Asks: 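Below: one structure in structure tokens.
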Amino acid sequence: MPLLFELVTPARLVLSEHVHMVNVPGAEGEFGVLEGHAPFTTTINDGVIRVWRTAGATPEDIVVKGGFAEVSTTGLTVLAERVG
Amino acid sequence: MASLKELKGRINSVKSTQKITKAKQMVAAAKLRKAQASAEAARPYALRLASVVGSLASRVVLSDNSPRLLAGTGKDQVHLLVVANSDRGLCGAFNANIVKAAKLRARELAAEGKTVLFYLVGRKGRAPIRRDYPNAILGAFDTTQVREPGFAEAEAISAELLALYDAGKFDVAHLFFGKFKSALVQEPTEQQIVPVPTPKLAVTDGAVVTYEPDEETVLADLLPRYLRNQIFGALLENMASEQGASMTAMDNATRNAGELIKKLTIQYNRSRQAAITTELIEIIAGAEAL
């Protein structure tokens with residue numbers, strides 16, 4: 001089961017798709033999110049989000065600034081003020 | 001009775017006015033579509049942020065060391081009215097309505113013995129508010145340099161407001177803007193922004209959510225962001241409203257000009273016929289006299 005990953009900025013919904021795994025630069029250290037992660041909310045540092053679309057694929061990097069991440073039972077949502 | 005030449009001049013001048021109002025109407029219609037689209041696109045972020053702030057704020061118990069943006073200053077004396085207007089006219093009573101709503105609120109607050117201050121966004125609200133409250137303007141934000149106010153402007157405005165709040169310049173802030181209902185209806189709306197009103201709780205899926213580093217820290221981090229986003233939302237609404245109001249006003253103006261042209265043309269033709277008839281009578285009378 002893939003993970004639903006959504007990246008949202010104030011201006012628009014940047015990304016909303018099913019991916020394998022996402023690595024997020026959380027305020028308390030980087031963390032990876034796979035399907036079925038326990039729900040939690042954290043602020044994130046300015047940095048790079050790594051997205052693996054499928055297992056073993058080359059990761060894709062997205063630079064984000066000023067945001068927080070929310071892991072819920074439905075998936076991972078990253079709200080960032082700036083992307084790219 | 002105006003002469004034929006004068007009438008012709010007036011018809012031409014009304015015609016060129018009609019061309020301008022028609023062009024402005026079409027521009028507004030195109031811009032409205034864009035403004036509506038960007039307001040639509042901003043919704044997911046606002047919804048998510050509101051639901052997270054809402055669920056956080058309901059967990060945190062207000063105490064002395066909870067964030068001041070949520071708990072307030074403990075006083076209710078100085079009210080800041082943030083009035084967001086547009087920079088351009090030709091949009092009917094849009095700006096006047098927002099200013100009217102703000103002034104009404106200012107009078108109410110003054111009657112309760114509160115101090116009222118203003119912070120003005122956009123060019124069109126400045127003159128009418130400065131006229132009535134020349135000494136109550138705490139600051140103003142100029143949006144004339146940018147084509148359409150966006151997130152960067154919202155960021156600058158909220159940074160300035162937060163600085164003023166931290167300096168203790170005001171206790172409560174209200175935001176005034178035109179809420180977009182439809183192209184025909186824009187509603188002047190008042191919204192409290194500081195202290196941050198707890199958003200109504202959205203649906204929670206019942207799962208136990210943990211917060212990192214902890215609830216207070218996350219909340220303290222999110223509150224300024226929430227404020228920023230509310231201002232951003234208001235700017236977007238305002239932009240759509242302005243274009244909607246402009247479209248309606250210009251549509252009316254174009255129609256009025258059309259009616260005026262019709263009336264003037266009838267008058268012109270009548271006077272022309274009258275002139276011809278008089279001339280004929282003169283000739284016939286002259287011929288009969290011979």
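No hydrogens, no waters, no symmetry mates; every other heavy atom, side chains included, goes into these values. All chains are named by letter (A, B, ...) in the order of the sequence lines, taking the proteins before the strands, and each is independently numbered beginning at 1. Since the model is a prediction, treat every value here as computed from it, not as a measurement.
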Asks: So for A/T77, is it side chain, backbone, both, or neither that comes closer than 4.5 Å to the heavy atoms of chain B?
Replies: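 For A/T77, the side chain is the part near chain B, not the backbone.
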
Asks: Quick one: which residues of residues 6-14 of chain A reach chain B at under 4.5 angstrom, heavy atoms only?
Replies: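 At a heavy-atom separation under 4.5 Å, chain B is reached by A/E6, A/V8, A/T9, A/P10, A/A11, A/R12, A/L13.
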
Asks: What residue, out of A/T43, A/T41, A/V71, A/T42, has the most heavy-atom pairs lying under 4.5 Å from chain B?
Replies: A/T41

Asks: Residue by residue, which of residues 50-58 of chain A have a heavy atom closer than 4.5 Å to a heavy atom belonging to chain B?
Replies: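 So no residue qualifies.
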
Asks: Please name the pair of heavy atoms, one in A/L79 and one in B/L49, separated by the smallest distance, quoted to 0.1 Å.
Replies: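 Smallest heavy-atom distance, with atoms named: CD2-N, 4.0 Å.
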
Asks: What residues of residues 230-249 of chain B make heavy-atom contacts with chain A at a cutoff under 4.5 angstrom?
Replies: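 The residues closer than 4.5 Å to chain A, in numerical order, are B/F232.
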
Asks: Non-hydrogen atoms of chain A under 4.5 Å away: do they reach the side chain of B/E215, the backbone, both or neither?
Replies: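 B/E215 has no heavy atom closer than 4.5 Å to chain A.
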
Asks: Non-hydrogen atoms of chain A under 4.5 Å away: do they reach the side chain of B/R228, the backbone, both or neither?
Replies: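 When you check distances to chain A, only side chain atoms of B/R228 fall under 4.5 Å.
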
Asks: Considering only heavy atoms, give the residues of residues 156-165 of chain B separated from chain A by less than 4.5 Å, sorted numerically, with 'none' for an empty result.
Replies: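 When heavy atoms of chain A are the reference, residues 156-165 of chain B contributes no residue within the under-4.5 Å range.
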
Asks: Say you draw a straight line from CZ of A/F68 to CG of B/D221; how long is it, rounded to the nearest 0.5 Å?
Replies: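 If we round to the nearest 0.5 Å, A/F68:CZ and B/D221:CG are 9.0 Å apart.
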
Asks: Which of the residues B/E155, B/R225, B/E40, B/R48 is involved in the greatest number of heavy-atom pairs with chain A at under 4.5 angstrom?
Replies: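 Looking at each option in turn, the highest pair count goes to B/R225.
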
Asks: I'd like to know which of B/T217, B/L222, B/D214, B/N229 tops the heavy-atom pair count under 4.5 Å against chain A.
Replies: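 That would be B/L222.
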
